[in-house]
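For the single chain, residues carry numbers from 1 onward in sequence order.
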Amino acid sequence: MINQQLGLPVMANDTTYISGYQNQNEGKNASNQEIFEAFYIIGVERNNSKQQKDRLFNPKIQYKQYKKKFGDIQYQDEKNQIISIENIIEKFACPSWSDAEKIINDDIEEEVQRIICQGRVPSENFYMFNIKGDDLQLKNPSNIRILQQFNHSRQLYGYCLKVDDFLVERFQRNNQIEQIYWKFQKILCFVTYFPIQALFKTLFEQILFITKVQRQKIISGKNANKSEIDGVKINQLISKLLSAFILTVSQYSISKYEQKIEINFAQELKDQNLDLELKQFFEKTIIQYVVPKTEDLFIETKKLEAHIVLQLFSVEQFFSVFMEILKEGKIIFCCQNQNLLTAITSFFHTILQPFKWFHQVIYNLPIESLALLEFNQPMLYGVNMQHQQLKFKRNIIAANNMYDITFVDINEKRSAPQQQINIIENNQKSKLNWFDQRQQLAKYFQNQGGQLKLTPNDYQERNAKEFLLQMQDIIKANLIDKVIPKKENDFVLNQSQKLNDRFIYNRVIQKIQKEIDDKNDQTFIQKYVMHAIYFTEYLRFRYVYG
């Protein structure tokens, strides 16, 4: 009974729960997994496909740099695996690609000047995607335990920054060379196993500054030609310096808790003959990152996402989504703002802490990849468009009529607070009452309209941390302490590492009837929680390996 599923069967091997709940042994003679695997700049290329007549340009990786170890022959297989999924990375980094826009002649000087002066990371253009890391057959590195706490399912994350750029097309007409200027949004992307938002945001700032300084240097020289600093040419011109910068970062790894990482680019890139402006910038912006303590790591890596959720959702809306997570349901988040979309999807993916979500989760899904076949299993999907647009897409029209899919429409506009989050539930009636728990959490939600603040102040950061801690306490008290009985001799069959499901099931029923007064809560736990993979695998860990 305990092993009944709501979609996917439990895997035949032990990797599902071992990777989720049990520390794995460090690999023998292995080295640490570095901070990132690869860096990409995704720009555009002219579309010559007759099948896409409505699109002038397609996204294209125009610059790539791999971590330093990929230069060694022993890591060639890993490098080849990364290369083999680069077309997937292109799609997930740009799930809703918008075409390049022609710059009219009168605006060229102003637009080019604005683009080359970009030097900061706009928070609203900072986002991420995730793809299944198991496809890369990641070998157990020496820092597997800390990697596992950052990323229990070994997903590959792509941290992305979207910035404006331009492209110059040259062609001959009437024996004269003419030029067309196009404006587009390029994507800077670090691919990593470590979801550390603050670190990669800082690295993007360094890269933007390198590009800015080199462009301004070229454009201020004699016989300056704007085509030399367009979105393709500038990558080629700064490739040596950019490569040295990326390789320097790739030498670092996170190997222990409370480790302090300090990167001084002014010192480490001194052989690159840095411009004075770059040298001064690097001297002032030494990158520092301190790995949190083991007990603080979850809170520190999720606080920014929690801050966004607490501003946008009401406590009742939060619980509506949370109940579907507990059911291992089907949830599709819809939002045009990729920063909000990926932060919110990632937040709900991990809100079950200390339980783990073992099913399909995609933070930033290309719409053409959304197939009805996938709607037969638990899922968390983030789709980069509003629900009003999404529901008319041919490949998911039928999904709108499926009774068990919940759509969460996220509207970033703050003029109408009651419309910021719209939850479209289809016949979702069964819920936990949890009146006291709702009261405990209500004080943390700040859905009061006004301007959305992506960067929290000190009060908001404390509020987000306290909310996450309170949420962990509630889950522990109400879904672990009141539900999971202490181990008995008959819980495991003949030392075979198989659970005595029926016996455990009866003990759980007895415990919830004794510990939980609300009959609706008893019914919800018995109908959904007890049959969910996150719960059954947690039992297996507690009783077999705990």
Next on the checklist: Could you check whether any side-chain heavy atom of Leu156 comes within less than 4.5 Å of a side-chain heavy atom of Ile85, counting everything from C-beta outward?
Outcome noted: yes
Checklist entry - Using the ring of each side chain (for Trp, its six-membered ring), is Tyr66 parallel, tilted or perpendicular to Tyr40, with breaks at 30° and 60°? => result perpendicular
Checklist outcome for this item: So the side chain to side chain donor-acceptor pair (under 3.5 Å) pairs with at least one residue in residues 333-347 (sequence neighbours excluded) are Lys162-Gln338, Lys302-Ser346, Glu305-Ser346, Gln336-Gln389, Asn337-Glu412
Item to check | Point-to-point distance, once rounded to the nearest 0.5 Å, from CD1 of Ile229 to CD1 of Ile115 | outcome: 9.0 Å
Checklist entry - Distance from Ile218 atom CD1 to Lys226 atom NZ, nearest 0.5 Å? => result 13.0 Å
Checklist entry - Does NZ or CZ of Lys212 lie under 6.0 Å from the centre of the six-membered ring of Phe209, at an angle within 45° of the ring axis? => result no
Item to check | Closest non-hydrogen atom pair between Ile263 and Ile261, with its separation | outcome: CG1-CG2, 4.1 Å
Item to check | CA sep, side-chain torsions, deciding dist, call: Lys68, Glu34, salt bridge (Lys or Arg N to Asp or Glu O under 4.0 Å) | outcome: CA-CA 9 Å; Lys68 189 171 185 178; Glu34 293 79 2; over 6 Å; no
Checklist entry - Would you call Leu340 and Leu454 a side-chain contact if the rule is heavy atoms closer than 4.5 Å? => result yes
Checklist entry - Is any NZ, NE, NH1 or NH2 atom of the basic residue among Glu461 and Lys465 found under 4.0 Å from an Asp or Glu carboxylate oxygen of the other? => result yes
Checklist entry - Between Gln76 and Asn80, does any side-chain donor sit less than 3.5 Å from a side-chain acceptor? => result yes
Item to check | CZ-SG distance between Phe129 and Cys160, expressed to the nearest 0.5 angstrom | outcome: 5.0 Å
Checklist entry - Are Gln155 and Ser153 linked by a side-chain donor-acceptor pair shorter than 3.5 Å? => result yes
Under 3.5 Å, which donor-acceptor pairs link side chains of residues 180-191 to any protein atom two or more places apart or in another chain?
unit_1	atom_1	unit_2	atom_2	d
Trp182	NE1	Glu169	OE1	2.8
Lys186	NZ	Asp165	OD2	2.8

Next on the checklist: Going by side chain to side chain contact (heavy atoms under 4.5 Å, CB included), name the residues that satisfy it together with Lys201, two or more places apart in sequence or in a different chain.
Outcome noted: Val121, Ser123, Phe126
Checklist entry - Does one side chain, of Asn411 or Gln386, offer a donor that lies under 3.5 Å from an acceptor on the other? => result no
Checklist outcome for this item: Taken to the nearest 0.5 Å, the spacing of Phe171 CZ from Ile177 CD1 works out to 9.5 Å
Next on the checklist: Can you confirm whether Gln149 sits close enough to Ile146 that some side-chain heavy atom of one is under 4.5 Å from a side-chain heavy atom of the other?
Outcome noted: no
Next on the checklist: I want to check something: taking the side chain as every heavy atom from C-beta on, are Pro195 and Met128 in contact at a cut-off of under 4.5 Å?
Outcome noted: no
Show me the donor-acceptor pairs within less than 3.5 Å that the side chains of residues 271-293 make with the rest of the protein, sequence neighbours left out.
unit_1	atom_1	unit_2	atom_2	d
Thr285	OG1	Phe281	O	2.7
Gln288	NE2	Glu262	OE1	2.7

Item to check | Step-by-step side chain to side chain contact (heavy atoms under 4.5 Å, CB included) determination, Gln62 to Gln236 | outcome: CA-CA 9 Å; Gln62 294 179 335; Gln236 299 167 353; over 6 Å; no
Next on the checklist: Using the ring-ring contact (aromatic ring centres under 6.0 Å, His included) criterion, which residues pair with Phe322? Sequence neighbours excluded.
Outcome noted: Phe318
Item to check | Which residues share a side chain to side chain donor-acceptor pair (under 3.5 Å) with Ser98, sequence neighbours left out | outcome: none
Checklist entry - Is the shortest heavy-atom distance from the side chain of Leu365 to the side chain of Pro95 under 4.5 Å? => result no
